[in-house]
Amino acid sequence: MYGMRALSMFTSLHPLRHGRCLTQVFPSCTFKEIRNLSQTSWSSVKILNQREPRTFGSFLADHFSSQPYPSKERRINKVILSLKTVKEQLELFERIKNSASIVNRVTMLHRIAKITERNGNQSQVLEQEKGKSIQALNSAYLTLLDSISKDIAKCQSRHLANVMCALGKLEEKDHELVQVCERAILSRNITTFGNALMTQIVSGYLNLDLTATEISSTLQESIRNGQLKPSNFDNQLLSTMVMLLAKSDGCAVELFDIFLEEILSRDFLLMDSAVLAQFVWSFAKKELNADTLFDRVEEEILRRGTANLERRHIVQILWAFSKAKKGGKQLFYIMDNELASRDIERFSNSALLQIVWSFATRDVTDTKVFNLVKDEVFSRGVGTFETHELVLILYSFVCAQRENIKLVEEIESELLSRDVEQSGSGNLCQVAWSLGRARKWDSKLFDVIEERVLQRGLHQFSKSGKFLLLGGYLEAKSGSRKLYESLQVSFLKSG
């Protein structure tokens, strides 16, 4: 029975009759792999009559009928791991979906995640595949997710960790598999998963930006009651755990005191640069006092250099030190040189604005990054940026006194074409201040912003925001009497 199932699954792989068709479906490396299996791994299969011709399918049937199930599972996994594109993975899934084990399907999902992570073009292929469901077409990818969700109870702990890690890399937060996998993890006691598996789980939640979850609450409680001891975490798990809890609302400060003590007890020479970046980012995010941590991380970065930093870690370090008002100019200058040596076009829009904001905030303005980012903004077009991104870019350039007339005018024009009603109160204040300092005193945005401010009421604006607003309008000699009187009353009320 088992041999016949294997035969039906692989019968189309007959090398003589179907070799041409096979190479159109699978890459040459996979075809060679399957062919080699018949020449090497199966050489031990007893042949009753050597003169009798044997089909490739009969080899598979004899082999699988005499082998335990895990052997077949491993061989399918080997083929999955050899495939290099999303299309090849999903075509294979369509052929074996009725016989693939849950292990094979999890391996395939994890492999797809790695492929798309390394290749942006493959991410686009996957997005097109997802779009099939919107067009009421069958999507092999969504069928794969559904099938894993249905059989999640069959997963071992390591497979659950693989699934959550893959979902994070794929940014697949809307499918029910996320909740199904979380329930399965919690049902098995997350404290028993171990460092490597827990790192995968926590990383998945970080990438999905899912912080207000039962997993997060469970982790916090487990650390408080001593079931999870940070001293037992390796550096990678410790940094990802700290980062997840830094993003979680309501995480107690005392937990970060425990984390900080543990971090400072370790040898920074043995920590990856990514780990250092996550530590300082997390404590800056929570706005907690960690001067010794920042000093030691700065010392270590200056010692080892920046060449081994990934793009996201450069941005995390810059943002963290600027947010915490830490770091000397030497640190920012070596970061500036590192950015100048990289392909700036590979940084995301969000990364670009965080870079210039960081340099402007720390008053390190005689650097190359401002021209690099300016040119990249022009190359991409201001229309490709979100409203809040444009506001922060404008504010950063003006704050650093590196404003460019063309850049200011293009951002101003783009903002006028959009509905600023959706802009946050802080953004309105930053625009007014930036235009005033940039001497764009005739901008129509002053009238638009004043109207929005009076509609919302100044009670919705922070004290620092109101000072920005007042400074911008005074600089531009703009604004109605009503606006100034409202600001005066608001300041008096706030003391």
Side-chain angles (χ1 to χ4, degrees), residues 13 22-34 36 73-97 99-134 137-149 151-152 155 158-175 177-178 181 196-197 199-210 236 240 274 310-313 343 345-348 351:
L13 305 186
L22 179 63
T23 56
Q24 293 174 349
V25 176
F26 301 110
S28 59
C29 62
T30 305
F31 179 73
K32 290 177 182 177
E33 174 67 30
I34 297 173
N36 289 341
E73 192 171 75
R74 285 195 298 270
R75 294 186 189 284
I76 294 177
N77 267 2
K78 194 170 184 179
V79 174
I80 291 171
L81 294 173
S82 73
L83 301 179
K84 306 299 184 185
T85 69
V86 171
K87 182 180 179 182
E88 290 167 352
Q89 293 286 347
L90 295 179
E91 285 178 343
L92 176 62
F93 175 69
E94 287 285 16
R95 286 173 171 264
I96 66 172
K97 61 185 177 184
S99 56
S101 71
I102 186 63
V103 174
N104 295 145
R105 284 171 278 158
V106 170
T107 301
M108 185 171 288
L109 179 65
H110 200 256
R111 181 64 177 164
I112 290 173
K114 284 192 172 183
I115 290 171
T116 56
E117 184 181 37
R118 295 170 183 169
N119 189 324
N121 291 332
Q122 290 300 309
S123 295
Q124 294 177 9
V125 173
L126 185 60
E127 287 302 316
Q128 292 172 0
E129 176 68 24
K130 292 179 183 180
K132 288 183 178 180
S133 61
I134 300 175
L137 300 174
N138 290 330
S139 168
Y141 169 72
L142 293 180
T143 302
L144 173 62
L145 296 184
D146 291 341
S147 71
I148 295 174
S149 181
D151 291 336
I152 201 73
C155 285
R158 61 190 173 92
H159 303 135
L160 294 175
N162 288 162
V163 170
M164 190 55 69
C165 180
L167 292 173
K169 291 179 185 294
L170 294 166
E171 299 181 1
E172 189 61 67
K173 63 165 56 178
D174 296 326
H175 195 277
L177 180 55
V178 176
C181 189
L197 299 185
T199 299
Q200 284 191 305
I201 294 169
V202 175
S203 296
Y205 276 91
L206 274 175
N207 290 330
L208 291 171
D209 202 25
L210 295 174
Q236 188 177 8
T240 52
E310 294 182 19
R311 293 189 300 277
R312 58 177 172 162
H313 301 137
D343 295 328
E345 62 269 16
R346 299 186 67 184
F347 286 80
S348 67

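Values in this document were obtained by computation on a predicted structure and should not be read as measured data.
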Rounded at 0.5 Å granularity, tell me how far [atom1] in [X] sits from [atom2] in [Y].
{"X": "H110", "Y": "I80", "atom1": "NE2", "atom2": "CD1", "value": "13.0 Å"}
{"X": "L92", "Y": "I76", "atom1": "CG", "atom2": "CD1", "value": "8.0 Å"}
{"X": "R74", "Y": "S101", "atom1": "CZ", "atom2": "OG", "value": "11.5 Å"}
{"X": "M108", "Y": "N77", "atom1": "CE", "atom2": "CG", "value": "9.0 Å"}
{"X": "H159", "Y": "T107", "atom1": "NE2", "atom2": "OG1", "value": "6.5 Å"}
{"X": "N104", "Y": "E73", "atom1": "CG", "atom2": "CD", "value": "5.0 Å"}

So which atom in [X] and which in [Y] form the shortest heavy-atom distance, rounded to 0.1 Å?
{"X": "N119", "Y": "N121", "answer": "OD1-N, 2.8 Å"}
{"X": "C181", "Y": "V163", "answer": "SG-CG1, 3.9 Å"}
{"X": "I115", "Y": "L83", "answer": "CD1-O, 3.8 Å"}
{"X": "F93", "Y": "S147", "answer": "CZ-OG, 4.2 Å"}
{"X": "C155", "Y": "L160", "answer": "CB-CD2, 3.7 Å"}
{"X": "D209", "Y": "K173", "answer": "CB-NZ, 4.2 Å"}

Could you go through T85 and V125, starting from their C-alpha distance and side-chain angles, then the distance that decides it, and tell me whether this counts as side-chain contact (heavy atoms from CB on, under 4.5 Å)? CA-CA 9 Å; T85 69; V125 173; over 6 Å; no

Flag the pair K130 and E127 as a salt bridge only when some basic side-chain nitrogen lies within less than 4.0 angstrom of an acidic carboxylate oxygen. yes

Has [X] got a side-chain atom pairing as donor or acceptor with [Y]'s backbone, closer than 3.5 angstrom?
{"X": "S149", "Y": "L145", "value": "no"}
{"X": "N207", "Y": "L170", "value": "no"}
{"X": "S203", "Y": "Q200", "value": "no"}
{"X": "R111", "Y": "Q89", "value": "no"}

Can you tell if the side chain of K169 reaches within under 4.5 Å of the side chain of T116, non-hydrogen atoms only? no

Test side-chain hydrogen bond (donor to acceptor under 3.5 Å, both in side chains) applied to Y141 and E129, E172, H175, the passing residue: E172

Does E94 have more than 12 heavy atoms from other residues, nucleotides or ligands lying within 6.0 Å of its CD? yes

More than 12 heavy atoms of other groups within 6.0 Å of Q122 CD: yes

